[in-house]
Amino acid sequence: MPELIEIESYRRLADEVLGRQVAGVDAPDAWYLKGGLTATAITDALVGRSIVGDRRLGKLLMLDLDDDHTLGLRFGMTGRLVVDGLVSIERLEYSTARHERAWDRFTMRFAGGGDLRMRDPRRLGGVFLDPDMDRLGFEATTLTRRQLARVLGTSMAPLKTRLMDQSRLAGLGNLLTDEVLFRAGLDPARPAGSLSDTELRRLHRVIRRTLAELIDRGGSHTGDFQIARVPGATCPRDGAPIQRRVVGGRATYSCPEHQA
DNA sequence: ATTGTGGCCTGCCCGC
DNA sequence: TGCGGGCAGGCCACAA
């Protein structure tokens with residue numbers, strides 16, 4: 001599924017449309033337009049404008065227009081970005097490898113040719129005009145130790161749940177969170193506020209390092225732990241049977257041996 | 001405020 | 001062979 005790493009890949013693909021002018025918009029799915037947006041409103045806002053920048057905060061991709069408005073794209077679990085018919089990620093975990101034009105929920109066509117499409121079978125993503133960035137927490141790739149301490153606070157909620165709370169920490173999804181907790185040797189179900197200074201430092205280092213590494217490798221699914229995120233697997237580190245639980249309402253895999 | 005739960009979306013896979 | 005149920009998880013609404 002697209003997490004921060006995949007959205008960063010989409011952002012780089014979106015570089016291709018910088019400087020292009022929007023000639024037309026196809027928004028056939030009203031459900032996909034969020035925040036009270038209509039097909040007419042988004043068309044009026046985009047046609048004639050040029051794309052002057054692309055940014056990312058957590059899992060939110062933003063395309064800046066030349067009139068100071070911003071288009072926000074959220075990809076949910078199965079959304080892919082297609083630019084001029086090219087995808088940046090062919091295989092997306094938990095999504096289908098197929099491509100159907102019927103799954104094109106939103107398209108911008110550009111003057112002089114080419115287009116940008118959001119292709120999303122499950123329709124869990126959405127399009128925003130001037131998305132509210134205040135609803136998102138700290139960007140995970142630049143997270144500081146002090147910020148991580150604020151994310152966790154003195155909370156009694158499960159560590160994993162807090163790390164996945166996009167209003168506190170933007171970017172980590174289910175796969176990445178299991179990966180960093182595996183690497184940091186921390187139990188996902190531990191109260192978030194129960195980490196020692198040493199553990200917090202370690203977790204911070206692991207988050208930063210893991211994101212940098214997996215961005216280089218090219219996806220959330222390239223993590224060391226992902227082979228073990230299946231029922232009946234054994235821990236790649238120590239061979240113990242991997243435990244599957246539901247934590248914070250999400251399927252959670254961890255090693256009872258070295259994650260404490 | 002904090003925390004937990006259930007629902008939505010749809011493709012796919014398993015078992016009957 | 002077809003079909004129903006369960007599962008995947010990001011996000012949101014809602015309740016206590």
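Reckoned from all heavy atoms, side chains included, excluding hydrogens, waters and symmetry mates. Numbered from 1 within each chain, the chains take letters A, B, ... in sequence-line order.
- By the 4.0 Å N-to-carboxylate-O rule, A:Lys34 lies too far from A:Asp132 to be salt-bridged with it.
- In this structure, A:Arg162 places its CZ atom 12 Å from P of B:dA1, rounding to the nearest Å.
- Following rounding to the nearest Å, A:Met118 (CE) and B:dT10 (P) show an atom-to-atom distance of 15 Å.
- The nucleotide whose nearest atom lies closest to any side-chain atom of A:Lys59 is, among B:dT3, C:dA8, C:dC11, C:dC11.
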request  = Check the pair A:Thr70 / A:Leu65 against side-chain contact (heavy atoms from CB on, under 4.5 Å), numbers first and verdict last.
outcome  = CA-CA 6 Å; A:Thr70 297; A:Leu65 309 176; over 6 Å; no
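- Here A:Pro191 lies out of heavy-atom contact (under 4.0 Å) with every strand.
- Atom pair A:Arg135:CZ and C:dC12:C1' shows a separation of 8 Å (rounding to whole Å applied).
- Regarding A:Met77, its CE atom lies at a distance of 4 Å from the C1' atom of C:dA8, rounded to whole Å.
- Once rounded to the nearest 0.5 Å, the distance linking CG of A:Leu143 with CG of A:Leu172 reads 8.5 Å.
- Each of A:Trp31 and A:Met156 has a nearest nucleotide on DNA chain B; the 5'-most of these lies closest to A:Met156.
- For the pair A:Arg74 and A:Gly249, nearest-nucleotide mapping onto DNA chain C gives the more 5' position to A:Gly249.
- Between A:Trp103 and the phosphate of B:dG11, there is a side-chain N or O to OP1/OP2 separation shorter than 4.0 Å.
- Nucleotide C:dG9 holds its P atom 7 Å from the CG atom of A:Leu175, rounded to whole Å.
- One atom, CG of A:Asn174, and another, P of C:dA8, lie 9 Å apart when rounded to the nearest Å.
- Between A:Arg244 atom CZ and C:dA8 atom P there is a gap of 5 Å when expressed in whole angstrom units.
- Backbone-only contact: A:Arg123 has heavy atoms under 4.0 Å from sugar-phosphate atoms and none from a base.
- Rounded to whole angstrom, the span from the CZ atom of A:Arg250 across to the P atom of C:dA8 amounts to 10 Å.
- Among the protein residues, A:Arg119 comes within range of no part of the nucleic acid, since none of its heavy atoms lies under 4.0 Å from any strand.
- When each of C:dG9, C:dC11, B:dG11 is scored by its nearest atom to the side-chain atoms of A:Leu124, the top-ranked nucleotide is C:dG9.
- Of all non-hydrogen atoms in A:Met118 and A:Tyr32, the two that sit nearest each other are CE-OH, 3.5 Å.
- Across all strands shown, A:Ser155 has heavy atoms under 4.0 Å from sugar-phosphate atoms exclusively, and none from any base.
- For A:Arg122 against C:dG10, no side-chain N or O and base N or O form a donor-acceptor pair under 3.5 Å.
- Each of A:Asp44, A:Leu46, A:Val127, A:Thr40 was evaluated against A:Val25; a single residue qualifies, A:Leu46, per the side chain to side chain contact (heavy atoms under 4.5 Å, CB included) test.
- Within the nucleic acid shown, A:Arg168 comes within 4.0 Å of sugar-phosphate atoms alone, with no base atom in reach, counting heavy atoms only.
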